[in-house]
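Accompanying notes for the structure given below.
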There are 2 protein chains.
Amino acid sequence: MTDGVAERSRPRDRILETAQDMFHKHGIKGVGVDAITEAAGTNKMTLYRHFESKDELIVECLRATAAKASRIWDEFEAKHPGDKLAQLHAWVQKASELLSADSRGCDMANAAVELTETDHPARRVIKELKEAQREKLVALCRDAGIGQAELLADTLSLLLEGARVSMQSVGAEGPSAQFVRMAESLIASFRAR
Amino acid sequence: MTDGVAERSRPRDRILETAQDMFHKHGIKGVGVDAITEAAGTNKMTLYRHFESKDELIVECLRATAAKASRIWDEFEAKHPGDKLAQLHAWVQKASELLSADSRGCDMANAAVELTETDHPARRVIKELKEAQREKLVALCRDAGIGQAELLADTLSLLLEGARVSMQSVGAEGPSAQFVRMAESLIASFRAR
DNA sequence: GCTGGAAGTTACAGACCGGTAACACCCTAG
DNA sequence: CTAGGGTGTTACCGGTCTGTAACTTCCAGC
């Protein structure tokens, strides 16, 4: 009967997937565990058998989201093997697609905004994962032959981060609409140096 | 005895000021009205005599924060009367000071992340106020004699927005540390065109 | 077919949430 | 002195939150 909720996979996977989706759409503090389990076609007890607390579920969701994002990098390498500059342009393209497709921005950044407690377990992993993403982009810029690779990578990072949050406050017609133009002109400018 | 909480001003003002501060530090959904009134040295009934709901209090807080931010623009004009380019550099300087002094970013952007309900009354005013700020920056760039004023203003906006959210996820040592350098080099580059 | 573990069910605890009612108080304007 | 509005106090409502206990049901592997 497969039920449609999540193709009748194991409860833990359904919970994780549903939680990711609901946290993304409604925010972490905007979703209760009851709502998650119901949407996942299971119940609260089962959730607490697999995750010791909501906080641990949050952390696991962030890790899963980061793992998905990490797979995108593999696509770049697959589509443009060895051509790091083409991969950088693909990164810009992919970022712009994410902006068009979804106005709720980056789950990790959003979580950092929502979870203000400085000792929240999720803060550790957010920082780790964001730093790992930064490393990847720096390496991509450097391998693309750009001199000030760190500076370009950081600038592109801030632009994208800003675009993703700007979409949530002013909407898609705001400054974020110019993201591709900004990013491409930046890359060109750094290459010319 | 003045009590120290807010120098014994009127309850409404104390509530508004305290709520701004607590929303900023702990997030909107992370603070209850009881905590606000207690910190403001008053009680819940008094809050609900001045604000018809928590949502209205939120809106009023955002307006108050925007009004404060608006006063910063007056400083620019006062310190560099007529010199729009100097005012633009002052904007960069001020933005960098805000980044150093406070790691919780922009209240309006944070509110947009937290308040996911599309019909939330705060969403209207967030969009309005952000658009007003954008107008100001565009005008400043244009009056500073920059050709593609909108594009520069939007780019600077995204950079700052990104820096403010990046501080919350990766911290002050992340990409946001390079904000001034990025912004100044952007301005120089646009001026050269 | 039996058994053992995973999953579902129901009910509940204890805390907190936004919001309200009823009433006592104080302080200032007349 | 007095009247009245702003304020403080207490108690409460109904709902929601995370997390747990006790029990039943299902199903796969032997």
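Chain letters run A, B, ... following the sequence lines, proteins first, then strands; residues in each count from 1. As a basis for the values below, the full set of heavy atoms in this structure was taken, side chains included, without hydrogen atoms, waters or symmetry mates. Bear in mind the structure is a predicted one, so any value in this text is a computation, not a measurement.
In this structure, the side chain of A:Gln168 engages the main chain of A:Arg164 through a donor-acceptor pair within 3.5 Å.
Considering A:Leu159, A:Ile187, A:Thr155 in turn, A:Leu159 is the only one that fulfils the side chain to side chain contact (heavy atoms under 4.5 Å, CB included) rule with A:Met182. Checking B:Arg104, B:Lys25, B:His24 one by one against A:Thr116, the side chain to side chain contact (heavy atoms under 4.5 Å, CB included) holds for a single residue, B:Arg104.
Note: CG (A:Leu47) to C1' (C:dA6) measures 15 Å, nearest angstrom. Regarding B:Glu52, its CD atom lies at a distance of 14 Å from the C1' atom of C:dT20, rounded to whole Å. In this structure, A:Glu114 places its CD atom 15 Å from C1' of D:dC17, rounding to the nearest Å. One interatomic measurement links the two molecules: CG of A:Asn43 to P of D:dC23, which rounds to 18 Å at whole-angstrom precision. The distance from atom CG of A:Asp34 to atom C1' of C:dA15 is 15 Å, rounded to the nearest whole Å. For the pair A:Glu38 CD and D:dT16 P, the computed distance is 12 Å after rounding to whole Å. Rounded to whole angstrom, the span from the CD1 atom of A:Ile36 across to the C1' atom of D:dT16 amounts to 14 Å. When the C1' atom of D:dC13 is taken as reference, atom OH of B:Tyr48 falls 13 Å away, rounded to whole Å.
For the residue pair A:Ser166 / B:Lys130, no side-chain donor-acceptor distance below 3.5 Å is found, with atom types taken as modelled. Side-chain contact, A:Thr18 with A:Asp21: no donor N or O sits under 3.5 Å from an acceptor N or O.
Place B:Val31 and B:Met45 on DNA chain C by their nearest nucleotides, and B:Val31 ends up nearer the 5' end.
Counting distance only, with no hydrogens placed and no angle test, the side-chain atoms of A:Arg49 and the base atoms of C:dG8 include a donor-acceptor pair under 3.5 Å. On a pure distance criterion of 3.5 Å, no polar donor-acceptor pair joins the side chain of B:Arg12 and the base of D:dG6. The base of C:dG19 is paired with the side chain of B:Lys44 by a donor and an acceptor separated by under 3.5 Å.
Contact annotation: A:Thr46 reaches the phosphate of C:dG8 (side-chain N/O to OP1 or OP2, under 4.0 Å). Within the structure, every side-chain polar atom (N or O) of A:Thr42 is placed at least 4.0 Å from both OP1 and OP2 of C:dA7. Checking the phosphate oxygens (OP1, OP2) of C:dA6, no side-chain nitrogen or oxygen of A:His50 falls inside 4.0 Å.
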